[in-house]
Amino acid sequence: MIDLKYIRSNPEQVRQAIRNKNEKADLDALLELDETRRKLQFDFDNLKAEQNKVSQTIAQKKKNGEDASELLQEMGTVAERLKAINAELSAANTQLDALLLTIPNLPHPGVPVGRDETANKQVKTWGEPPAFDFEPADHLALADKNQLLDLTRGAKISGSGFPIYTGFGARLERAVINFMLELHQQRHGYAELAVPVLVNRRTMTGTGQLPKLEADMYRVDEDDLFLIPTAEVPMTNIYADEVLTLAQLPLKYVAYTPCFRREAGSYGKDTKGLQRLHQFNKVEMVRFVEPATSYAVLEEMLQDAEDILQALGLHYRVVELCTGDLSFASAKTYDIEVWAPGARKYLEVSSVSNFEDFQARRANIRYRDKEGKVAFLHTLNGSGVATPRLMIALWETYQTAGLGLRLPSVLEPFLNQAVPGPDGVSGLATNS
RNA sequence: GGAGAGUUGCCGGAGCGGUUGAACGGGACGGUCUCGAAAACCGUUGUAUCCUCACGGGUACCCAGGGUUCGAAUCCCUGACUCUCCGCCA
């Protein structure tokens, strides 16, 4: 959430930011509620001070064996008034907290202003789209021929958007996940975590998925738990309500988890094959850093994610999201879009974001700074990367004539077999 | 699922319903001493919020939420979590 004091003193700036983000939030109601709340708090504090003082006098009198009945009676009415004010106060607080949770994070000043993804800014490209001397097939045809997927039976047992990876497809999925985890650990210095995929409401609120996105998540009603849409949620909330020491920072974590998204309202949009799923696998990076360093770290994380695609030899581009395309909690986000030659388009495989102190405030994650003062730290996360669209790009990029498959040789150790790679390494990658 | 015990400050650990923001010990930090260090001694050691230009002061917080009371860390209820034992189970 945003600092209430900041909202109070910069209401117009916040209003503009909400507009630029295409969000709706009742700022006026919030400001008004803040006003009444503060007034109630003031009254409460003063009355309570009186009560505390008189209570001590009563104690003193009783000790001396004096009569305190007059004071006791007087305090009876004070206690009643206090109770009444307190009821109003806690009601106001509850409402205010709820409203505050609906205010999105402010975009970083450098973020391009725009309504939707058409205003996103391409930052860079890497590599070239591969050239083919035949018409490249799409991932579904390749999956079909090489028996990598069984979407029909996935739909039977769970529903559409729940793919079954079969045979070599399943092994490749596992190999790619391990490849990414190892690279982030060994080359980029992230510590690996294995985290719960069911989390409670508080956790979902901490990273900003709730209250806005409740309809987009799978929920286990009986226990009020949610299936995570991304490992960002459990990982970022690990230090909720804690004060970290300066020496602990920066913290770098990487985790693989399955991710679950209802994708409500997105039917028919890019839903072919593996493009948009209800369950998918993702390797996620999360960092906890000192505020002054967070934007440098954002660039670093972007590079960490890019390294995956570079190691796999996949052409991609990086775009900076405009204000209207930024997520609720993000201040600045880069998307990495990998080229899919069969689909003939770029597919988003990673999103790298700086949340500044927005999530830290919600989850109450703090650190002790150089002066020994307790302050909110900054959180960032980035996919490194999500597998389904990576698979699409891999298969389509490394296909050979007649729906054959090659693979980059960096995956060999993780597959425990030689693959017919782009660099001419021998071996067979059949579905056996 | 059943039975019991517990949850206090950076840590350990006290705490009769009435100067308890919280004894005592440890740690950390500052100081004295020392050429320096150790030891010893002295001191400091919370978060949030409100009032004030400031000095300073008020209020809340002893797992969470309710209740009893003039007054609750202390009594009562509900919940969460931890531990022990039993049952069930991958």
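We name chains A, B, ... by the order of the sequence lines, and we start the count at 1 in each one. Quick caveat: nothing in here was measured; it's all calculated off a predicted structure.
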* Looking only at atom P, what distance separates B:A90 and B:G6, rounded to whole Å? -> 34 Å
* Asked: Taking the nucleotide of RNA chain B with the closest heavy atom to each, which residue, A:Gln60 or A:Gly76, is nearer the 5' end?
  -> A:Gln60
* Who does B:A72 pair with, Watson-Crick or G-U, both distances under 3.5 Å? -> none
* Asked: What integer distance in Å separates A:Arg361:CZ from B:A48:C1'?
  -> 12 Å
* Side-chain contact, heavy-atom cut-off 4.5 Å: A:Val254 with A:Asp304? -> no
* B:G26 versus B:A48 - spacing of their P atoms, nearest Å -> 29 Å
* Asked: Which part of the nucleic acid does A:Arg202 contact within heavy-atom distance under 4.0 Å: base, sugar-phosphate only, or nothing?
  -> nothing
* **Distance test, side-chain N/O of A:Gln56 to OP1/OP2 of B:G18, below 4.0 Å** => no
* **Closest nucleotide among B:G58, B:C70, B:A60 to the A:Lys48 side chain** => B:A60
* To do: Please determine, for the side chain of A:Ala79, which listed nucleotide (B:G58, B:G71, B:G18) has the closest atom?
  => B:G71
* Asked: With both distances kept under 3.5 Å, what pairs with B:A60, Watson-Crick or G-U wobble?
  -> B:U47
* **N/O donor-acceptor pair under 3.5 Å between A:Asp224 side chain and A:Arg201 backbone** => no
* For A:Asn52 and B:G71, is the shortest distance between a side-chain N/O and OP1 or OP2 below 4.0 Å? -> no
* To the nearest Å, give me how far apart CZ (A:Arg368) and P (B:G27) are. => 19 Å
* To the nearest Å, give me how far apart CG (A:Asn93) and C1' (B:C61) are. => 14 Å
* Asked: Under the 3.5 angstrom rule, does the side chain of A:Arg261 hit a backbone N or O of A:Pro229 as a donor-acceptor pair?
  -> yes
* Any side-chain N or O of A:Arg366 under 4.0 Å from OP1/OP2 of B:G46? -> no
* Rounded to the nearest angstrom, tell me the gap between atom CZ in A:Arg81 and atom P in B:G71. => 14 Å
* Structure fact -> Here the distance between atom P of B:U49 and atom CG of A:Leu40, to the nearest Å, is 18 Å
* Which whole number of Å gives the distance between the P atom of B:G71 and that of B:U59? -> 15 Å
* Asked: If the C1' atom of B:G65 is compared with that of B:C70, how far apart are they to the nearest Å?
  -> 24 Å
* **Distance in angstrom units between A:Asp241 CG and B:G46 C1', rounded** => 16 Å
* To do: Among B:C70, B:U68, B:G58, find the nucleotide with the atom closest to the side chain of A:Lys83.
  => B:U68
* Asked: Any donor and acceptor pair, going by atom type alone, linking the side chain of A:Arg171 with main-chain N or O of A:Leu415 inside 3.5 Å?
  -> yes
* Between A:His184 and A:His188, what is the ring plane arrangement, given parallel below 30°, perpendicular above 60°, and tilted in between? -> tilted
* Asked: Between A:Thr230, A:Asp335, A:Thr333, which is the residue that forms a side-chain hydrogen bond (donor to acceptor under 3.5 Å, both in side chains) with A:Ser351?
  -> A:Asp335
* Could you give the distance separating B:A14 and B:U7 at their P atoms, to the nearest angstrom? => 8 Å
* Asked: When all nucleic acid strands are considered with a 4.0 Å heavy-atom cut-off, which category describes A:Gln51: base, sugar-phosphate, or nothing?
  -> sugar-phosphate
* **Test item: A:Glu173 and A:Ile177 side chains (from C-beta on) under 4.5 Å apart, heavy atoms** => yes
* Between A:Ser90 and A:Phe44, which is nearer to the 5' end of RNA chain B once each is assigned its nearest nucleotide? -> A:Phe44
* To do: May I ask you to evaluate whether A:Arg8 reaches the phosphate of B:C50, defined as a side-chain N or O under 4.0 Å from OP1 or OP2?
  => yes
* Check the distance between B:U19's P and A:Asn64's CG and give it to me in whole angstrom. => 14 Å
* Asked: Quick one: which of B:U47, B:C50, B:G18 gets closest to the side chain of A:Val374?
  -> B:U47
* Asked: What is the pairing partner of B:U82, taking Watson-Crick or G-U wobble pairs with both distances under 3.5 Å in any strand?
  -> B:A5
* Asked: What integer number of Å spans the P atoms of B:G27 and B:A80?
  -> 39 Å
* **Identified pairing partner of B:U34, criterion: Watson-Crick or G-U wobble below 3.5 Å** => none
* Can you tell which of B:G18, B:G58, B:C51 lies closest to the side chain of A:Lys62? -> B:G18
* Asked: Can you find a donor-acceptor pair, distance only, under 3.5 Å between A:Asn46 side chain and B:G58 base?
  -> no
* **A:Asp45 side-chain proximity, nearest of B:G58, B:C50, B:C70** => B:G58
* **Watson-Crick or G-U counterpart of B:G21, or none if no pair lies under 3.5 Å** => none
* How far does the P atom of B:G87 sit from the matching atom of B:G2, given to the nearest Å? -> 15 Å
* **Student check: side-chain heavy atoms of A:Val286 and A:Leu251 closer than 4.5 Å** => no
* Given that both distances must come in under 3.5 Å, which nucleotide forms a Watson-Crick or G-U wobble pair with B:C16? -> none
* B:C70 P sits how many Å from A:Glu74 CD, rounded? -> 14 Å
* On a whole-Å scale, what distance lies between the P atoms belonging to B:A72 and B:A64? -> 16 Å
